[in-house]
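A short write-up of the structure that comes next.
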Amino acid sequence: MTNLYESNNYDLSFRGILSYNNFKLYTNNDTIIVSSDINFDINADYRSSINYLASSILGGIAHTIINESKHSNIDIEELEGKIQIILKNPLTLLNVKGYNEEPKIDSCLITYYLYADIDENNLIEFCNSSLNKSFIYNTLKNAINFKIKFILID
């Protein structure tokens with residue numbers, strides 16, 4: 001390849017501001033508002049960092065699979081995913097007395113359901129190899145224990 005910096009790197013820059021207990025991240029065309037680190041209230045109507053992280057992981061991998069399927073002439077007609085994130089030491093985040101262990105994401109369980117005109121073994125092999133091209137997955141795979149399943153639906 002080339003030693004040209006731009007051939008091997010793409011620089012992104014964002015700006016964020018804390019305003020009225022919300023952190024606003026400014027992108028080129030939008031503002032993303034983060035109201036908390038994590039939200040333990042299932043009825044809350046605001047988005048936390050963990051909500052954005054989960055959508056980035058699930059959506060990023062899904063888009064990689066779809067883009068790779070187009071390059072490989074595999075017609076994926078439907079794709080649905082679900083993600084389960086397991087947090088270690090959540091009571092520390094709630095400031096429960098006596099709990100001071102570092103909170104972290106311990107594991108991430110993802111299941112994708114796909115409908116495609118390809119046999120199941122070839123689809124699963126294709127999806128697993130597509131993970132090699134997912135920058136979200138490749139960035140996080142050494143920090144979070146991932147388990148990803150691909151299921152062909154009829």
Side-chain angles (χ1 to χ4, degrees), residues 1-16 23-42 44-93 101-154:
M1 288 306 245
T2 179
N3 288 334
L4 187 63
Y5 179 83
E6 290 80 7
S7 295
N8 298 310
N9 301 283
Y10 181 71
D11 296 342
L12 295 169
S13 179
F14 301 99
R15 184 173 139 249
F23 189 82
K24 293 182 182 182
L25 178 81
Y26 295 93
T27 68
N28 291 339
N29 302 318
D30 199 7
T31 302
I32 299 171
I33 298 172
V34 180
S35 300
S36 67
D37 193 20
I38 187 168
N39 179 10
F40 293 104
D41 180 1
I42 62 171
D45 61 351
Y46 56 86
R47 294 179 185 103
S48 67
S49 296
I50 200 81
N51 296 130
Y52 285 112
L53 179 63
S55 64
S56 295
I57 293 169
L58 197 62
I61 293 171
H63 277 288
T64 298
I65 291 168
I66 294 300
N67 290 335
E68 288 302 304
S69 72
K70 290 176 184 174
H71 294 300
S72 299
N73 292 321
I74 296 173
D75 187 23
I76 295 177
E77 295 179 33
E78 294 181 36
L79 186 146
E80 181 179 328
K82 65 180 182 178
I83 186 169
Q84 178 185 11
I85 295 175
I86 299 173
L87 181 64
K88 263 316 201 206
N89 304 314
L91 297 179
T92 301
L93 292 171
E101 298 296 317
E102 290 182 359
K104 71 174 207 158
I105 295 171
D106 184 58
S107 61
C108 183
L109 311 171
I110 299 172
T111 304
Y112 287 104
Y113 302 92
L114 303 102
Y115 180 79
D117 191 18
I118 185 173
D119 73 61
E120 187 169 17
N121 290 333
N122 288 339
L123 178 67
I124 291 170
E125 183 180 320
F126 165 76
C127 290
N128 282 316
S129 69
S130 293
L131 291 175
N132 294 327
K133 299 226 178 145
S134 171
F135 76 92
I136 292 286
Y137 173 74
N138 288 318
T139 301
L140 298 175
K141 70 182 179 184
N142 294 323
I144 300 172
N145 179 23
F146 278 96
K147 291 181 184 165
I148 303 175
K149 293 192 305 187
F150 300 100
I151 298 173
L152 179 65
I153 54 175
D154 296 324

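- Going from atom NZ of K149 over to atom CD1 of I124 covers 10.5 Å, rounded to the nearest 0.5 Å.
- Of the possible donor and acceptor atoms, none in the side chain of S134 sits under 3.5 Å from a partner among the backbone N and O of L131.
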**OP:** Give the intermediate values and the outcome of side chain to side chain contact (heavy atoms under 4.5 Å, CB included) for residues K88 and I86.
**Re:** CA-CA 7 Å; K88 263 316 201 206; I86 299 173; 5.9 Å; no
**OP:** Could you walk me through whether L87 and F40 pass the side chain to side chain contact (heavy atoms under 4.5 Å, CB included) test, one step at a time?
**Re:** CA-CA 11 Å; L87 181 64; F40 293 104; 4.2 Å; yes
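- Remark: side-chain polar atoms of N138 are paired, donor with acceptor, to backbone N or O of N132 under 3.5 angstrom.
- Residue-environment remark: NZ (K141) exceeds the threshold of 12 foreign heavy atoms within 6.0 Å.
- The line from CD1 of I151 to CD of E80 is 11.0 Å long, rounded to the nearest 0.5 Å.
- Atoms CZ and CG, from R15 and L25 in turn, are 10.0 Å apart once rounded to the nearest 0.5 Å.
- Contact annotation: the side chain of L152 never approaches that of F150 to less than 4.5 Å [non-hydrogen atoms, C-beta and beyond].
- Counting only heavy atoms from C-beta outward, the side chains of L53 and I105 approach each other to under 4.5 Å.
- Put simply, the side chain of I65 reaches to within 4.5 Å of the side chain of L114, judged on heavy atoms.
- Contact annotation: the side chain of D11 approaches that of Y5 to within less than 4.5 Å [non-hydrogen atoms, C-beta and beyond].
- Atom NE2 of H63 is separated from atom CD1 of I61 by 12.0 Å, given to the nearest 0.5 angstrom.
- Formation of a donor-acceptor pair under 3.5 Å by the T64 side chain with backbone atoms of G60 is found in this model.
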Subject >> Stepwise side chain to side chain contact (heavy atoms under 4.5 Å, CB included) test for E78 and Y113 >> reply: CA-CA 8 Å; E78 294 181 36; Y113 302 92; over 6 Å; no
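- Of the inter-residue distances, the one linking I74 atom CD1 with C127 atom SG reads 8.0 Å to the nearest 0.5 angstrom.
- Between S69 and I76, the shortest heavy-atom contact is CB-CD1, 3.7 Å.
- Within a 6.0 Å radius of OH in Y46, other residues, nucleotides and ligands contribute more than 12 heavy atoms.
- At least one side-chain heavy atom of I32 sits under 4.5 Å from a side-chain heavy atom of T27.
- If you check the side chains of N51 and S48, you find a donor sitting under 3.5 Å from an acceptor.
- Heavy atoms only, all atoms of each residue included: L93 and D37 are closest at CD2-OD2, 4.2 Å.
- Between K24 and T31, the shortest heavy-atom distance links the atoms CB-CG2, 3.9 Å.
- Summarising the local packing, CD of E102 is surrounded by 12 or fewer heavy atoms from other residues, nucleotides or ligands at distances under 6.0 Å.
- Taking each heavy atom of Y26 and F14 in turn, the nearest pair found is O-CD2, 3.7 Å.
- Distance check: Y52 OH to I33 CD1 gives 7.0 Å after rounding to the nearest 0.5 Å.
- In this structure, S129 contributes its side chain and F126 its backbone to a donor-acceptor pair below 3.5 Å.
- Smallest separation of non-hydrogen atoms from Y112 and L58: OH-O, 2.7 Å.
- Between I50 and I38, the closest side-chain pair of non-hydrogen atoms falls below 4.5 Å.
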